[in-house]
Amino acid sequence: MTVWKTSMRNFLAHKGRMALSAVAVLLSVAFVCGTLCFTDTMNTTFDKLFAASSADVTVSPKAAGGPDDAPENGRPESLPASVVERVEKADGVKEAEGGVMSMSVTVVDSHDENMGSETGAPTIAGNWTRNDLRSMEIASGHAPRGPTEVMVDADTAEKHHLKIGDELRTVAVTGDIRARISGIAAFTVTNPGAAVVFLDTATAQQKLLGRPGAFTHVNVTAQPGVDDTQLKKNVASALGDAGAYKLQTQKEAAAANKDSMGSFLDVMKYAMLGFAGIAFLVGIFLIVNTFSMLVAQRTREIGLMRAIGSSRKQVNRSVLVEAVLLGIVGSVLGVGAGIGLAVGLMKLMGSMGMELSTEDLTVAWTTPVLGLALGVVVTVLAAYIPARRAGKVSPMAALRDAGTPADGKSGRIRAGIGLVLTVSGAAALWATTQADKAGEGSLFLGLGVVLTLIGFIVIGPLLAGVVVRALGVVVLRFFGPVGRLAERNALRNPRRTGATGAALMIGLALVACLSVVGSSMVASATEELDKSVGTDFIVQSGTGQLVVPQAAEAIKKVPGIEYVTDYKSVGAKITSPDGKTEDEGLVAADPTYQEDLRRTTVAGDLGDAYGKNAMSVGDDYAVRHGIEVGDEITVAFKAGGTAKLKVAAITSDETNVDKGAMYTNITTAEQYVPADRMPENMIMFAKAEDGKEKAAYAALKSALAPYPQYKVQNQADFKQDLKDQVGQLLNIVYGLLALAIIVAVLGVVNTLALSVVERTREIGLMRAIGLSRRQLRRMIRLESVVIALFGALLGLGLGMGWGTSAQKLLALEGLGVLEIPWPTILTVFVASAFVGLFAALVPAFRAGRMNVLNAIATDG
């Protein structure tokens with residue numbers, strides 16, 4: 001009970017000093033709980049949508065892929081209308097209804113603006129069925145009654161200001177469907193962002209599937225009292241040929257749809273939790289510093305407690321109880337803040353086009369429990385070393401001034417351990433650069449990153465003494481005696497300075513590493529494009545949509561174009577001469593593609609690979625299977641027959657573009673794949689006539705204006721697009737790392753604030769002998785700046801080492817250019833100085849307001 005009272009008294013007495021540590025715990029717990037709550041809410045949203053939109057039993061073609069598998073020819077696999085009649089006759093069937101659905105479409109308005117989602121959610125076109133009433137209702141107007149009418153979902157209508165009577169054009173591989181909006185259907189469950197349009201059944205069959213009387217699936221409704229599993233068995237029995245169909249109950253269909261989203265949600269969830277872990281790691285330094293300084297300031301008090309009978313265990317326990325209280329307070333607030341963060345993320349996603357309703361907000365019981373457990377455990381672990389140090393305070397410490405001298409022996413041991421870890425980590429990073437295989441090198445890289453990070457943290461106090469003195473010469477000496485005082489204050493406790501700088505070091509090391517990797521990727525890809533890409537223009541969809549025939553035809557009619565290259569990906573199983581079959585796929589392209597993409601040939605002539613019944617293979621595949629020019633390979637086209645193709649060329653796989661690709665002529669593929677099954681173009685290339693590049697570029701853009709899903713890019717556009725994509729990814733990562741950097745800044749603030757309290761008498765004496773308030777504030781600001789720059793130097797140096805090693809691994813994959821983004825590195829370094837200035841604002845202000853006499857009279 002005495003320990004509890006003492007801990008409560010100390011906690012409340014120092015609540016101001018604990019506040020920033022509590023904020024660090026709050027932020028870290030909030031990020032964890034917010035991530036879990038947000039992803040659970042997304043799961044709930046999709047679960048409700050998939051469950052509501054799935055029939056009791058769904059029948060679809062066996063050849064149909066999963067929800068994310070787009071057909072190569074833009075036409076979904078289909079069933080004949082007779083299947084509906086056979087299903088209707090099965091026992092327990094109340095109703096069977098044929099449905100048509102395609103996600104290989106684009107919907108545009110009368111101004112040729114894309115009505116689809118910008119978040120990657122699909123655009124879906126189909127026929128309106130009674131099954132749709134499970135998840136939607138017609139809010140206004142009516143369902144389409146003919147080929148000139150279309151119904152659109154309410155979310156898309158609201159987002160794009162559509163109303164009944166407006167014209168929409170649905171672009172599919174079989175042609176454009178022009179129709180006016182006859183109705184608007186609202187979701188009765190949350191629609192996460194898909195754009196949905198409904199056509200009448202006959203139009204959907206003809207325009208989406210390319211043939212009348214066909215359906216992509218059959219929705220089956222059970223009679224009362226018949227469960228889905230039994231209904232599925234009855235339907236299977238009625239159909240007879242089980243191998244031709246895929247049957248799913250409502251739960252199975254919902255699970256299949258959920259699985260298609262699962263990988264995306266898991267990646268997002270674990271990535272965000274990873275950044276939360278980084279924030280926790282940084283928060284540990286803040287908590288360790290806080291308790292170390294509090295213990296040092298209470299040395300005399302602890303000594304008195306020991307003198308009147310408190311045992312080491314009681315003192316130790318007292319500090320740990322304070323840590324538990326701090327962890328509980330910070331974690332409870334963090335759980336609440338996490339729920340608020342989840343709501344904020346939902347609103348942010350809503351502004352980007354992914355609608356998530358707060359009605360579906362899901363807070364599983366595990367979320368607050370995990371948040372509380374993490375917050376308390378991490379806080380207690382961080383406070384354990386200061387608590388042990390407090391337990392070692394002797395009763396004689398009551399006769400000394402506050403503060404405990406550093407243990408020289410333990411400092412030397414720590415420095416030795418840190419040097420061993422750092423050197424070992426550097427050796428692992430060097431081994432990374434010497435690796436011949438990416439898998440082997442990645443293990444060395446991971447080991448090197450961990451060892452050098454821990455090594456720098458452990459050796460921080462030793463580095464602080466060296467780096468701060470160097471910074472003092474470069475930065476602080478310009479400020480005269482005040483600068484020298486700031487330097488000595490930063491060096492007074494190297495362990496504290498090292499821990500504070502290490503907190504900032506972690507976040508900036510990751511920023512520097514990713515900046516080096518990102519810049520190197522862009523530089524490598526740009527160099528590769530300069531060497532290998534010979535085409536003038538590239539046409540493709542940013543969302544992976546196939547190039548529809550009408551758009552391809554428009555490209556080929558553009559004036560000023562010398563030639564256009566078709567590029568198709570044909571699904572196939574490849575059997576090598578050694579009898580091994582692999583699902584490799586084949587690129588079917590026009591012979592001009594060898595001019596659009598210059599590939600190095602190891603053996604044979606690439607031009608011959610575009611001859612009759614010929615192909616090329618990559619050298620990795622050739623070595624793996626012992627293939628030489630002249631060998632025959634068996635190609636079983638998934639959408640057609642089987643061919644024996646002669647290997648006419650072996651291309652080098654030391655490239656980033658089309659690495660490992662196998663080429664054949666489109667005319668060769670057309671011999672074995674029926675015309676209605678032939679894949680559409682994934683991408684197209686165009687070469688302008690000499691001197692007509694600008695005119696052809698403008699004409700291409702004009703010709704594809706009715707098809708906004710495609711981008712026309714020259715080589716400069718393509719490079720800029722690549723740079724923008726990497727930049728956007730890095731900006732997201734930097735945004736997530738900002739949490740760790742904020743916690744690190746709080747650590748600097750906390751260290752300075754506690755340092756000012758620790759030096760109260762000293763500050764009073766300096767003020768008494770003539771130090772002005774302005775000089776005092778400047779001294780504290782300079783101390784903060786030098787600590788921040790110390791952390792920045794360590795972090796940026798460490799990060800560039802990691803990034804350089806990582807680039808050597810990328811070089812094994814063809815990304816051979818190392819580029820250090822010096823503008824980014826220098827900007828971050830300079831920004832760190834401003835971070836230091838910002839962190840010192842409140843501590844410097846409080847120090848400047850101290851009463852001189854009261855400060856001098858302070859006891860320790």
Side-chain angles (χ1 to χ4, degrees), residues 28 267 270-285 378 414-415 417-460 462-463 467 498-499 501-521 524 726 729-730 732-734 736-741 743-744 790-813 815 818-821 824-825 828-829 832:
S28 302
V267 168
Y270 292 119
M272 292 178 71
L273 288 177
F275 288 103
I278 294 169
F280 263 119
L281 181 61
V282 173
I284 287 173
F285 290 99
V378 168
R414 174 175 177 156
I417 294 172
L419 283 171
V420 170
L421 288 170
T422 303
V423 171
S424 300
L429 292 178
W430 180 83
T432 302
T433 65
Q434 304 302 307
D436 295 325
K437 295 181 180 179
E440 175 188 334
S442 61
L443 294 176
F444 284 120
L445 178 62
L447 181 64
V449 167
V450 171
L451 289 178
T452 51
L453 177 60
I454 297 174
F456 267 48
I457 291 170
V458 174
I459 208 175
L462 179 62
L463 293 173
V467 176
L504 193 58
M505 173 190 76
I506 296 170
L508 295 185
L510 291 170
V511 167
C513 174
L514 293 170
S515 296
V516 171
V517 171
S519 295
S520 298
M521 288 175 65
S524 300
V726 173
L729 179 61
L730 288 178
I732 292 172
V733 174
Y734 294 158
L736 294 171
L737 282 173
L739 175 65
I741 295 172
V743 174
F790 163 68
L793 274 176
L794 261 59
L796 295 175
L798 194 59
M800 285 192 288
W802 294 349
T804 301
S805 301
Q807 187 276 327
K808 294 298 182 182
L809 288 185
L810 294 176
L812 298 176
E813 300 298 320
L815 298 171
L818 171 65
E819 180 167 293
I820 306 294
T824 301
I825 299 296
V828 170
F829 183 71
S832 298

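No experiment lies behind these values; they were computed from the predicted model shown.
The two residues G518 and L730 come nearest to each other via the heavy atoms CA-CD1, 4.2 Å. Between L462 and A415, the shortest heavy-atom contact is CD2-CB, 4.2 Å. Across every non-hydrogen atom of C513 and W802, the tightest pair is SG-CB, 3.7 Å. Counting all heavy atoms, side chain and backbone alike, A512 lies closest to G795 at CB-O, 4.4 Å. Nearest heavy-atom pair, S28 versus A276, reported as atom, atom and distance to 0.1 Å: O-CB, 4.5 Å. In plain terms, the two heavy atoms of S515 and T824 that are nearest each other are OG-CG2, 3.7 Å.
Atom OG1 of T422 sits about 4.5 Å away from atom CD1 of I459, to the nearest 0.5 Å. In this structure, CD on Q807 lies 9.0 Å from CG on L809, to the nearest 0.5 angstrom. Between the CG atom of L463 and the CZ atom of F456 there is a distance of 6.0 Å, given to the nearest 0.5 Å. The structure places CD1 of I278 at 5.0 Å from CG of L510, a figure rounded to the nearest 0.5 Å. Taken from OG in S519 to CD1 in I820, the straight-line distance is 8.5 Å, to the nearest 0.5 Å. Here the CG atom belonging to L451 is positioned 12.0 Å from the CZ atom belonging to F444, to the nearest 0.5 angstrom.
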Which donor-acceptor pairs under 3.5 Å do the side chains of residues 501-509 make with protein atoms, sequence neighbours left out?
none

Could you check F829 against I825 for side-chain contact (heavy atoms from CB on, under 4.5 Å), going step by step and ending with a plain yes or no?
-> CA-CA 6 Å; F829 183 71; I825 299 296; 5.6 Å; no

Could you go step by step and tell me if V282 and I741 meet the side-chain contact (heavy atoms from CB on, under 4.5 Å) rule?
-> CA-CA 8 Å; V282 173; I741 295 172; over 6 Å; no

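For S524 (side chain) and M521 (main-chain N/O), no donor-acceptor pair under 3.5 Å exists by modelled atom type. Under a 3.5 Å cut-off, the side chain of S805 and the backbone N or O of T432 do not form any donor-acceptor pair.
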